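Take a look at the structure set out below.
Owing to the predicted nature of the structure, the values given are computational and were not obtained by experimental measurement. Residue numbering restarts at 1 for every chain, and letters A, B, ... go by the order of the sequence lines.
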Amino acid sequence: MARDGEDPGMAKTPKVKRQRKKKTKENKTRTVHANLLYDHAKGEENPNRHYANNKIKTTKYTVLSFLPKNLFEQFHRFANVYFVFIALLNFVPVVNAFQPELALAPVVFILSVTAIKDLWEDYRRHRSDKEINHMDCLVFSRVERRYVEKYWKEVRVGDFIKLRCNEILPADVLLLSSSDPDRLCHIETATLDGETNLKQRQVVRSFFDLDCDFDPLKYYSIIECEKPNNDLNRFRGYIIHRSGRRDALYKENLLLRGCTIRNTEEAVGIVIYAGHETKAMLNNNGPRYKRSKLERQMNVDVFWCVIILLVMCLFTAVGHGLWMFQYGDKRPVFDVLSPEGTDLSPIMSAIYLFLTMIIVFQVLIPISLFVSIEIVKICQVYFIHQDMELYDEETDSQLQCRALNITEDLGQMQYIFSDKTGTLTENKMVFRRCTVAGVEYSHDANARRLAMYQEMDSEEEECTSHGGTLPRRDSVASHQSARVVLRSQSTKSHRRTGSRAEAKRASILSKHTAFSSPMEKDITPDPQLLDKVNECSSQMEFMRFHSQPTSQLPSDLADIIDFFIALTVCNTVVVSSPNQPRQKVRMRFELKSPVKTIEDFIKRFTPSRLTSGSNSSSSSSLITSRSSNKGCSSMLSSPSAESTLTKLDEEKHHGSLEHAFSPVPPCYDGKAWNIEEGELRYEAESPDEAALVYAARAYKCSLVGRLPDQVTVELPHLGKLSFELLHTLGFDSTRKRMSVVVRHPLTDQITVYTKGADSVIMDLIKPPDTGNSKGKRQKKIVSRTQNYLNLYAADGLRTLCIAKKILSKEQYACWLQRHLEAETAIQGREELLFESALRLETNLQLLGATGIEDRLQDGVPETIASLRQAGLQIWVLTGDKQETAVNIAYACKLLDPEEEILTLNADSQEACALLLEESLHYIQAKFLCNSTDQSTKAFHNNFIPFDIYPSSSPSSSSSHTAPFMVHRLGLVIDGRTLAYALDKTLEDKFLAVARSCRSVLCCRSTPLQKSMVVKLVRNKLKVMTLAIGDGANDVSMIQVADVGVGISGQEGMQAVMASDFALPRFRYLKKLLLVHGHWCYSRLANMILYFFYKNAMFVALIFWYQFYCGFSGSAMIDQWYLIFFNLMFSAFPQLITGTLDKDVSAETLQQLPQLYVNGQNSEEYKPYMFWMNMIDAFYQSLICFFIPYFAYADSDVDLFTWGTPITTLALFTILVHLGIETKTWTWMNWLSISFSIALFFTVALCYNASCPTCYSPSNPYWTMQRLLQDPLFYLLCIITPIAALLPRYFYRACQGTLFPSPVQVGRQLDKLPAETRRNILSLSRVKVGSPLSPKPPFLSLSKPPVTGGNKKDQKSFPSSKTSQGPVLQTDQQGQRRGPTDSERGLSDLYTLVPTEIDTLPYTKDAPQLSEEQQSPQTKDSEGLDKSLETSDLSLSGWITSTPLLTQTDSIQLNLLPDGDAQCVRYTRDSVEKVKPAAQRTEQETGQPLHVTS
Amino acid sequence: MMASSYNAKDEDGHITVSGPGGGALRSKKPENTAFKQQRLPAWQPILTAGTVLPAFFIIGLIFIPIGIGLYVTSNNIKEFEIDYTGVDMSSPCFNCSQNYSWNSTKPCTCTIPFYLEQPYEGNVYMYYGLSNFYQNHRRYVKSRDDSQLHGDMDSLLKPSKECEPYAMHDNKPIAPCGAIANSMFNDTLELFYNDPNGTKVQISLANTGIAWFTDKYVKFKNPGGDNANLTAVFQGTTKPVNWRKPVYELDKNASNNGFINEDFIVWMRTAALPTFRKLYRTIKDSKMVPTLPRGNYTLEVVYNYPVRSFEGRKRMILSTISWMGGKNPFLGIAYITVGSVCFFLGVILLVIHHKCGNRNNSTDISN
C-alpha cells in the first residue's frame, strides 16, 4: 500500500513525518478514505486504489489458462506423470511398443475426464460468481448526490453504501448510520456461521448522535484498521475525524459480507474490505483433502506393483539379452535389425527392451484405479446422502459428507473421541433447580415435568406444542396439569395424523428461534420460591411507595429478588416478538448509550442528573408497570394500582425530564400487551442463558426488552423496571463468567451481576467478615451453596453461580477510567479488557446457584453401547466439571455402575507421574490377580490418592457383580492432570493406563488438550480416530482426527465447517459407522483388491508369452484390447459392484455391531491378501495362457487369432471372478456384466471388420468373425474360466463352511426370513445365553476363523507380551484335546449369543436378572462351558477380538501360567462361569479399596 | 446351482411425506426408492460347501463326456510328420542343410522317402512346419507395410518406415517390404506316391485355397488394380534381399501372383508361437481313393530355406482335419482332467459338508 505516491506535492515536514510513521505501520494497518473525496481526481490518486475491489472470482482458470493450468495441477499427481511418461516413451522409435498415438489414449482419457470435471466445477463457480457480482446495491454517487444502483462488483473500498432491510451485504462495511432509533443494525449471520439468531451491530460512536440523516458529503474522516484477516470475531481500528479526534472501532461496528440486514430499515456504511479481502471470503476455504487408511494401504501395494513390474521387466530384459546372446553372430532372420540397419548388441537391446516392457506391462499399475476409486466414492457419498435414516425431520437436515474421499475410513474406526455437550446431550438446557441464599428449592414439579418429557422421548414420541401459544399466565396449581393434558392431546392428535414430525418441523421452522423448545421454555416454578418472590416484590413495592430504602428488605428476600434480576439481566439475550418476526419490541424510555467516555460518566453521574435520571427511569417504568398491570389485573393482584397512580403523579412533579422520555407504546391497550408479552421470544447465544431467562420468567420476573443501554425487566407487583446497562463484560472461556454493570432502578446503586462457573465464582466471593451476623450469614450461604452445588453436579446438572457486587460511585469511576483506556487501545486490547474485567469481578456477594439439566440426545446410550460392541473405544472429552461429566457418562452408559473407576487428579507433574505409575501397577496387579496378597496390600496401602468411585447405582453393590471389576475399568481424568499426563515424559504411561480402561473421560479439558489427546492416541497407538463434536471448542479435535464429524446442532456451524461429515444427531453415528462405514470399506477394499488382481492377471498373460517370443516384448493381445481392456471392457461391473455390493444388510449390521470389527482389523484387505490375489492372478493367467497354448500348439494359428481368444478368456475369467466376489446381485450387476461382454464382442467385431490395413502392426481383419465360426473357441471359453476359477471357488466354499467370517454369518442371518431373524436377535438380546433356549440354527455356522483373537491380543496389549508364550501353548493344548462336534456346536452357540447380551444396553438390569435366572442352570451349563473352554479358544475368538475384549482376554490369559486355568480363564460370554474365579480373586486380593459397584 | 433366494425387501417402511403442510415446505428428505435406499431386490448367493456342491458335480458330469468326445475326435484325425531339416548325417537333406545360405543360387534338392501306415481319406492338408522360428518377435511382427500389400501405389514406391531396414535396397523400394516378406519360406515340396507296382505318381497339390478368404480378397491386393501385367506394375521396385525371384514371378497363375500369391499371404500371417506350421498345399483332387492310400511315398524338397543358423527345424506334415481342426488331444484331456478334478472336489466338499456343514441343512430346513 504505497501511500508515497498519494500526495507528491506535500512538502510539509510534519506531514512527512506522519507519513513515515505510517509507512512503518503500513504492514499492520489499512487506511480507508472516502472515495467521494477522490471522485474528481484520476484513479491513480485514490488512496484506496490498491485495495481489492468487490469483484470476486473464485474460478481457478480462465479460458486461456485452463489447459496449461489444469494439466499442471493434474501432473501433481504422481500417477499421471508416470502414465504420461510411459505414453511419451512410446514415441521413442527403438522403444515403442504400441502405436504411439494409441498409447496416449488412456492417459488422455483419464486426464480429460478429470479436466472435464474440473471445467464443469469451475464453470459452476463462474456462474455463481457472475450472479453474485451482478447483484445490485445502492452506492452513493457524488455526481448525482444520491444513492444509485450499482453492481456488487463495482463497489470499491471507501464507497458509501446504503442497505435496506433483508438485503445481503456486498462487502465488509463499517456501519455509519442506521434508521434504527438506537442506532443499531441487526444482522443475521446464518451464511457465515449458521447461527440464526440476530446479532446487533452498532453505528460508530462518533456518528451516533447525528440527528439528521447521515450525509456522505460531509464525511471527511479517515479510518485506520487492521489488514484483512479471517477472524470473524475481531475487528480493531479507529476512525480519525477531521478534528483529529480518534474513536475506536470494534467488531460491533462492522457488518460482514454475506450477512443479511434484518429489522433495520436502512443503514449506511463505508466499505472497509471488499471482494476477496472480506472476512467471509477469507474464511471460505475449500474442501479438505484427506487420504484414507485404505488408500495409504493401497499405495503401498501400488508400490509393490511397481516393484513387480520392474522385476518382470528386468526378467524379460535379461531374458532377451540371453536369447540374443545365444545366437551369437549368426543373426537369425526374425531378429530384425534396428531401422538404421545397425546391429544391436544383446546388452543394448536388453536395455531398450526393458523400456519397452515397461510400456507393455504398464497396465499392471492400474491407471484407471484412481479414477475408479474416485467415481465409486462419489457414488458412495451419494448413497450416504440419500439415506433416509440419516435424515432428521426435526431440523430438515441430512448427513453431509464434506470430505469426499474418506468414506471408507468410516468403516475402520477404532477410537471415538466425543464432545459431551451438544454431542451426547441435546444442548437443550433445561432449568432444573436452584438454590438462593443458601436455601434449596428442589423444583419437584419441574423434575416431574422433565421426567415426563423423558418418557415421551423414550417412546420416540417427543411431543410438540405450538410454541408460545400456551397460556402462560394461568395459576401455578393448574399450570402443570393443564400442560400435561394439553401435551398428551397434542401428542395424540399428531400421532393420529401421522405427520407429527412434519408438524414439528413446521413449527420449528416458523418459530426460527434457537433454544426455545417447549421443554426449555415451560418451567414449573417451585411453589415455595414463587411465594417468596411474590412476597418479596410486594414488600418492595410497598417500601417504594413509602419511600423506604429497599435495603431494609430482609436480606434473604433481597437476595431472592437480586437473584432473579441477575438471571434476567446478566445475559445477552435479545427479545423479539413472533408476530412480526425479528421485530424488536420497542419499549424505549430514553435515549442513552452505555457509558463510553469519562465525560459521559461525569455528565450522567452528577448528582442532579442522577436524581432526575433515576426518577425518570423509575417513574417511567412505573408507568409501564401500572399499565401492564391493568391489563393483567386478574393475574397479578394489584390492589395498589390506584396508589401507584397517585405516587406517580407526585413523582412526576419532581422529574423534569420524564415527559420527554416517557414512552407511550403505540398499542398500549392492556389486553394487546398481554398477548404480546406472552409471546416474547428470547434469542440467546448460548442455551444456558435462554434457560435461565425462561426460568426467571416462570417466576414472573421476565425480560421484556433489551437495548444496548438498558434492560427492561418486568417484576411481579413492581411492573416494568428498566436497568441502565452500563457495561457488559461478555462471557469468555478463560474467565468462565460474564458480568453486567447496571444501575439498579430501585436502589440507584451501581450493581455488578456476575454469572459463571461455580469454581470460578466461589474463588471470587468476598471472604465473609465473620465478625458480624451478616458475615456469618454469608459464610453459611457460601458453604451451603457449595454443598448444593456438589449435589447438583452429582445429579449431572450444569451448575452456575450467581453473584453480585455493589460499587460505590468512586470505585466505579476508578474502574471506568482504566476500562475506557483498555477499550480504546488498539494493541493488546483483548488483554487489557480481560484485565479490566478481572479487576471488576472481585469481592462478589454470592446470591445463589442454578442447576441446569442438559438432556441426553435420543438414543445416545444405545448408540454408545452399539459402538462399543462394535469394538470402538469411546473417549469423552468435555469441558464440564468432573462430577457433571461422570454423571452424564453414567447416564449415557459410557461408564457402567459395575465398572471400577480410576480417577486421576494431580496437582503437579510429579504427582501425576506417580499416579500413573501406581495405576499401571494397580491395573497389572488387578489383571494378574496373583495371590501374592502382601504385595497387593502394600500396594493398596501406599496408594492413597487413588480413589475409587463409588457407584451411583445402589443396587449393584452386591458382591457377585464383582467379576466385572476385574476387567472393567473406567478412567476419569481432569484437565489439569491431563495437561501433566500429556507431557512427553508421561504420555506413554498415560496411554498405557488409558487403553487398559474401557472408557476414558477427560473433564475440564480445553480445546487444545482435546486435540492433543486425539493426536497422541492417533500417533502413538497408530489407530484410526474419529472425533465428534458440535461446538467451536471441538474444531481443533475434529481437524486432528482421521475423521472429523460435526454435529450440526445449535451451537453454530464452526464444527460442521471443520468436519468431514456433518450429522444432525449423535445417534446417526451408529448407522453411519456400522452400516455405511462397513459397506464403504468392504466395497472399496474388495474393489481395490480386485483391481490389482485384474491387472496382474491381464499383464501376466503377456509375461508368459515372453517365454515364447524370445522375450522380445511382443504381445499376442492386440494393442487396442490391451489399452482399452481396463478402460472399457472390464470397467463397469467392478464400478457397479464397488458401489452397490452389500455384504450384509443394514439391519443385520446394526443388530450385530460386532461385524464392524471386520473393518477395524482391515480384514477385507490385509497385506497378505494382496499377495494371495497376486498369486491367484498369476495362477489364473497361467491357466488362461496355457490352455489356449496347448490347444493351439503346433498349429497354423497366427498371432492375433490366438491372442483374441486369450483376451476373451481373460475377460470371462475376470468377470466370473468378480461374480464370485460379488455378494449381492441386483439387476445392475447382471446388466453391467452382460454389457461388458456385449461391448467387448461388439467392439471386437466392429474393429475387426472396419479396416483391413489401418491398424498396423496388428492386422486383425476378420479375426473375431472367424473365431466365432470356430468350435474350438467356444470349447476354450467354457473350460478356461472354470479351470481358472476352480481354486478360488473351492476355497470360498470351504471357507464358508469350515471357518466362516463373522460377516458371512451375518449374511446367513440375512437370508433367514425376517421373522426368524428377529426372534434370534431378540432372543440373544434378552436371554443371557440360556442353554434351554432353542438352538438357533444359524448360529451353528458361526465358527470363527482360526486367526481370531489371540493374534489381536498380542498386538493390542503389549504389556502382556511376556506371558503370551505359555498362554498360546495352553491354547494349543486345548485345541489338541479337541471337542466333539456337538460340543463344538454348542460352544459356537455360546460365542455368539451371550456376547451380545453382555454389552447390550437395553437390559439395564440384565446382570441381576440373569443371575437369578441362571443360578439354577449353572450346573447344566457347566458342561457346556467346559466344552467351550476346551474347545478351540481361538476359534471362538472372532467375537471377542474387539479391542475392548482383548483386554479381557489378555487378562485372563495372563493368569494361566500361575495355576488354576479353569477358574481364571474368563470368557466374557458366560457370566456364571467367571463368578467362582472372580470371587476367589476377591478373597485373594482382600480388596481393601475395591468398592464393589 | 447355489442355494439362493430372491431377497426382495418389502417396502413397508414407506412413509408418505405428503402431509397437509408437507407441500409448502420443501423438505430435504431423501426419496424412499429402492435404489436410493440401496434396497434393490437382489440375489445373494452364499458360498458354502452345501451350496456349491451341485455345481462341482454338474461341471464334472458335463465335462468328462465332452472331454472323451473331444479326445476320440482328435484321435480319429490322421497326421503324419517328417522332419527334413537334415541335421543328422543320415538325413538325405544333410548336405543341403550344411552348405546352404540365403545367398546361394544353386538349388539343392533332397528326396525323403516315407511310409504312410494308414490311408488318408477326404481332404488332406499338407503343411510345412518350422520350429524355433520366432515369427512373433516384436520387431519382426511389425516389419511390414499393410497398405503396400493392399495395393497402394504410394506405399509401393515409398514403403512405410515400419519396414526399415528392409524398405529400400539399392535406392529402390522393396516390394514387398519388411522383414516378414524378406524371410519368406521358399522351399518347394513335392509329393510322390510310390505305387506298389513301381511307378512314381506325383500327387497333385493345390496351391490355392490355403489362405484366408478375407486375406486373399480384401487385405492383399496387387497394385494397379486389375492390371494383369504385374511386371509393369512392379516396375521401379526391387525384390526383397533374400528372395530369388521378384514378387511378380511367384506363380504363373495371374490370380495367384504378386501380393495375392497364397503362399506369400500364408507366410505373412505371422505365427503365434515359435513352433508353428503353415498350410502349404491341399490334396483335394487326387485321382486315388483314398486320397492318400497306405504305402510308400517320396517327398522331394528343393532345399532353399536355411534354418540351421538359429537351430530351427523344418517339417512336412500331412494331416486330415475334423470339425475341431487338426489333431490335438490336449483339449479332450483338459476337459477330462478338469471334469475329474471338479468331481473330486465335489466329493471333498460333500465330505466337508457332511462333517461340518450338516447344520447348514438344518438352516435350510428350518426355513
Side-chain angles (χ1 to χ4, degrees), chain A residues 327 330 332-337 339 341 383 386-388 391 396 398 499 502 506 1108-1110 1112-1114 1116 1142 1187 1190-1191 1194-1199 1202 1223-1226 1252-1253 1256-1257 1259 1261-1262 1271-1272 1275 1279 1282-1283 1289-1290 1292-1294 1296-1298 1307-1308 1311 1337-1338 1340 1385, chain B residues 19 21-22 27-30 32 36-38 40 42-44 46-49 52 134-143 146-147 150 164-165 179 183 214 218-219 269-275 277-279 309-310 323-326 330-331 334-335 338 345 349 352 356-357 359 362-363 366:
Chain A
Y327 294 114
K330 293 180 286 177
V333 275
F334 43 80
D335 189 11
V336 183
L337 303 166
F383 278 119
Q386 290 298 326
D387 192 331
M388 275 201 319
Y391 165 80
D396 188 31
Q398 75 219 68
S499 62
E502 195 68 16
Y1108 300 95
C1109 69
S1112 63
S1114 192
M1116 71 291 194
K1142 293 193 292 187
I1187 287 185
F1190 286 116
D1194 192 20
S1195 70
D1196 58 347
V1197 73
D1198 75 290
L1199 189 58
W1202 183 65
K1223 279 102 182 178
T1224 312
W1225 290 77
T1226 63
T1253 58
S1256 173
N1259 36 8
Y1261 191 70
W1262 226 249
L1272 202 59
L1275 286 171
I1279 191 171
I1282 287 178
Y1289 197 57
F1290 181 70
R1292 286 274 177 239
C1294 289
T1297 307
L1298 294 176
R1307 293 175 62 199
Q1308 306 240 347
K1311 298 198 76 171
F1338 83 97
S1340 57
Chain B
S27 161
K28 281 194 235 158
K29 182 169 181 159
N32 186 7
K36 287 189 178 173
Q37 301 305 320
Q38 305 192 50
L40 287 174
W43 174 54
Q44 295 174 304
I46 295 178
L47 300 181
T48 58
V52 302
Y134 288 85
Q135 234 197 348
N136 53 15
H137 190 284
R138 185 173 60 89
R139 290 200 296 275
Y140 183 85
V141 168
K142 285 201 290 189
S143 187
D146 277 332
S147 46
H150 194 58
E164 297 284 358
S183 60
T214 51
V218 183
K219 242 163 111 171
R269 189 161 277 279
T270 51
L273 297 165
T275 298
R277 61 176 73 168
K278 283 187 183 289
L279 193 54
S309 63
F310 51 89
W323 57 270
M324 55 167 285
F330 169 76
L331 213 52
Y335 265 88
V338 172
L345 290 180
L349 284 178
I352 289 174
C356 315
R359 291 172 304 236
S362 66
T363 317
S366 73

Legend entry - Max heavy-atom pair count under 4.5 Å with chain A, selected residue of B:Ser309, B:Gly326, B:Ala179, B:Ser183: B:Ser309
Inset, instruction - Output, in order, the C-alpha distance, side-chain angles, deciding distance and verdict of ring-ring contact (aromatic ring centres under 6.0 Å, His included) for A:Phe334 and B:Phe310. - result: CA-CA 10 Å; A:Phe334 43 80; B:Phe310 51 89; 4.9 Å; yes
Inset, instruction - Counting only heavy atoms closer than 4.5 Å, note whether A:Ser1195 contacts chain B via side chain, backbone, both or neither. - result: backbone
Inset, instruction - Check each atom of A:Ile1282 against the heavy atoms of chain B and say whether the ones under 4.5 Å are side chain, backbone, both or neither. - result: side chain
Legend entry - Heavy-atom pairs under 4.5 Å with chain B, option from A:Ala1293, A:Ala1191, A:Pro1252, A:Ser1114 with the top count: A:Ala1293
Is any side-chain heavy atom of [X] closer than 4.5 Å to a side-chain heavy atom of [Y]?
{"X": "B:Thr48", "Y": "A:Gln1308", "value": "yes"}
{"X": "B:Arg277", "Y": "A:Asp1194", "value": "yes"}
{"X": "A:Ser1112", "Y": "B:Tyr134", "value": "no"}

Inset, instruction - List the atom of B:Gln44, the atom of A:Lys1142, and the distance in Å for their closest heavy-atom pair. - result: NE2-O, 4.4 Å
Legend entry - Pairwise distance CZ(B:Phe330) to CD1(A:Ile1187) - rounded to 0.5 angstrom: 5.5 Å
Legend entry - With A:Asp335 via salt bridge (charged side-chain N to carboxylate O under 4.0 Å, His left out) - residues at least two apart: A:Arg331, B:Arg139
Inset, instruction - Verify, without hydrogens or angle tests, whether A:Thr1253 (side chain) and B:His150 (backbone) share a donor-acceptor contact under 3.5 angstrom. - result: no
Legend entry - A:Gln386 side-chain N/O to B:Gln37 backbone N/O, donor-acceptor pair under 3.5 Å: no
